[in-house]
Asker: 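Here it is: the structure, laid out below.
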Amino acid sequence: NAGVTQTPKFQVLKTGQSMTLQCAQDMNHNSMYWYRQDPGMGLRLIYYSASEGTTDKGEVPNGYNVSRLNKREFSLRLESAAPSQTSVYFCASSAHLAGGPNEQFFGPGTRLTVL
Amino acid sequence: DQQVKQNSPSLSVQEGRISILNCDYTNSMFDYFLWYKKYPAEGPTFLISISSIKDKNEDGRFTVFLNKSAKHLSLHIVPSQPGDSAVYFCAASVRSSNTGKLIFGQGTTLQVKP
């Protein structure tokens, strides 16, 4: 099992360019999440998908869109990249059911630089 | 409003000694707490968790303590090893929620010196 995979690992964009970060999990998890990690800020939730077919905003959704393509895949899109979106992006998944354990499993991350 | 706070950005301890990492929270609805460990250029990995019905959970060298009245939890690593050097994040959640969302602290960088 690969767990949670993310592509690409690194990306450099110019301001205004668009791109999609891909995430896939092979653990048959219901829920998937996108975070960004910035120095001194911890992990901040951008968007999440509690179950296939649903998506919701997290703490810092502005400038991003997501698609839950199927149960395995959850993509994050930057329509017009800005330097403030320079960060490390992590995708995570969880088997979470209400009242049950909700450990999340993380991918290796995508390091994005916007010039 | 930072609901989960790790007030110490960094901690340095000698190999073999105890490492104590602290975390405070403000939301009394949180009922499940987790610690994650993160090495450079890797994703966070789950370390240990505790439910609010307990005040202690132990797994090998790692013990998490929860003080609900103080809204405080701590992670103890005994004995500390150089391989424990990493960033540690605490996280909190409401288990009855149907979202599974975790709220993370800012992280504490632990350095264990040989």
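The chains referred to below are lettered A, B, ... by the order of the sequence lines, with proteins before strands, and numbering in each begins at 1.
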Asker: Report yes or no: do B/Ile103 and B/Leu34 belong to one cluster of Ile/Leu/Val/Met/Phe/Trp/Tyr joined by side chain heavy-atom distances under 4.5 Å?
Answerer: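 No, no single cluster joins them.
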Asker: Who in residues 47-56 of chain A is close to chain B, using a strict under-4.5 Å heavy-atom cut-off?
Answerer: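 Answer by number: A/Tyr48, A/Ala50.
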Asker: Which answer fits B/Pro44, side chain, backbone, both or neither, if we ask what part of it has an atom under 4.5 Å from a heavy atom of chain A?
Answerer: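 It is both, since atoms from each part get that close.
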Asker: Between B/Ala41 and chain A, with a heavy-atom cut-off of 4.5 Å, which part of the residue counts as in contact: side chain, backbone, both or neither?
Answerer: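 B/Ala41 touches chain A through backbone heavy atoms alone.
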Asker: With a 4.5 angstrom heavy-atom cut-off, is it the side chain or the backbone of B/Leu102 that approaches chain A, or both, or neither?
Answerer: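 Answer is both: backbone and side chain atoms of B/Leu102 are under 4.5 Å from chain A.
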Asker: Are B/Tyr25 and B/Ile50 in one and the same hydrophobic cluster, where Ile, Leu, Val, Met, Phe, Trp and Tyr link if side-chain heavy atoms are under 4.5 Å apart?
Answerer: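 Result: yes, single cluster for both.
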Asker: Using the rule that two of Ile, Leu, Val, Met, Phe, Trp, Tyr join whenever any of their side-chain heavy atoms come within less than 4.5 Å, decide whether A/Val4 and A/Phe74 are in one cluster.
Answerer: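 Unlinked, A/Val4 and A/Phe74 end up in two clusters.
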Asker: In this structure, would B/Phe89 and B/Leu21 fall into the same cluster of hydrophobic residues linked by side-chain contacts under 4.5 Å?
Answerer: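 B/Phe89 does not cluster with B/Leu21.
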Asker: Can you tell which of A/Gly40, A/Gly42, A/Ser31 has the highest number of heavy-atom pairs within less than 4.5 Å of chain B?
Answerer: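 The answer is A/Gly42.
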Asker: What I'd like to find out is whether the side chain of B/Phe104 reaches to under 4.5 Å of the side chain of A/Gln37, using heavy atoms alone.
Answerer: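 The answer is no; the side chains never approach within 4.5 Å.
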Asker: Tell me the residues of residues 103-115 of chain A whose non-hydrogen atoms fall below 4.5 Å from those of chain B, in number order.
Answerer: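 Result: A/Glu103, A/Gln104, A/Phe106, A/Gly107, A/Pro108.
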Asker: Answer with side chain, backbone, both or neither: which region of A/Leu43 has an atom nearer than 4.5 Å to a non-hydrogen atom of chain B?
Answerer: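 For A/Leu43, backbone and side chain are both near chain B.
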Asker: Is B/Thr99 in contact with chain A via its backbone, its side chain, both, or neither, using a 4.5 Å heavy-atom distance?
Answerer: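 It is both, since atoms from each part get that close.
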Asker: Give a yes or no on whether B/Met29 atom CE has more than 12 heavy-atom contacts from other residues, nucleotides or ligands under 6.0 Å away.
Answerer: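 No, the 6.0 Å shell around CE holds no more than 12 heavy atoms from other groups.
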Asker: Are more than 12 heavy atoms, taken from residues, nucleotides or ligands other than B/Arg17, located less than 6.0 Å from that residue's CZ atom?
Answerer: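 Open.
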Asker: Grouping I, L, V, M, F, W and Y whenever their side-chain heavy atoms are under 4.5 Å apart, do B/Leu66 and B/Ile48 come out in a common cluster?
Answerer: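 Yes.
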Asker: Name the region of B/Lys101, side chain, backbone, both or neither, that has any atom closer than 4.5 Å to a heavy atom of chain A.
Answerer: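 Both backbone and side chain of B/Lys101 come within 4.5 Å of chain A.
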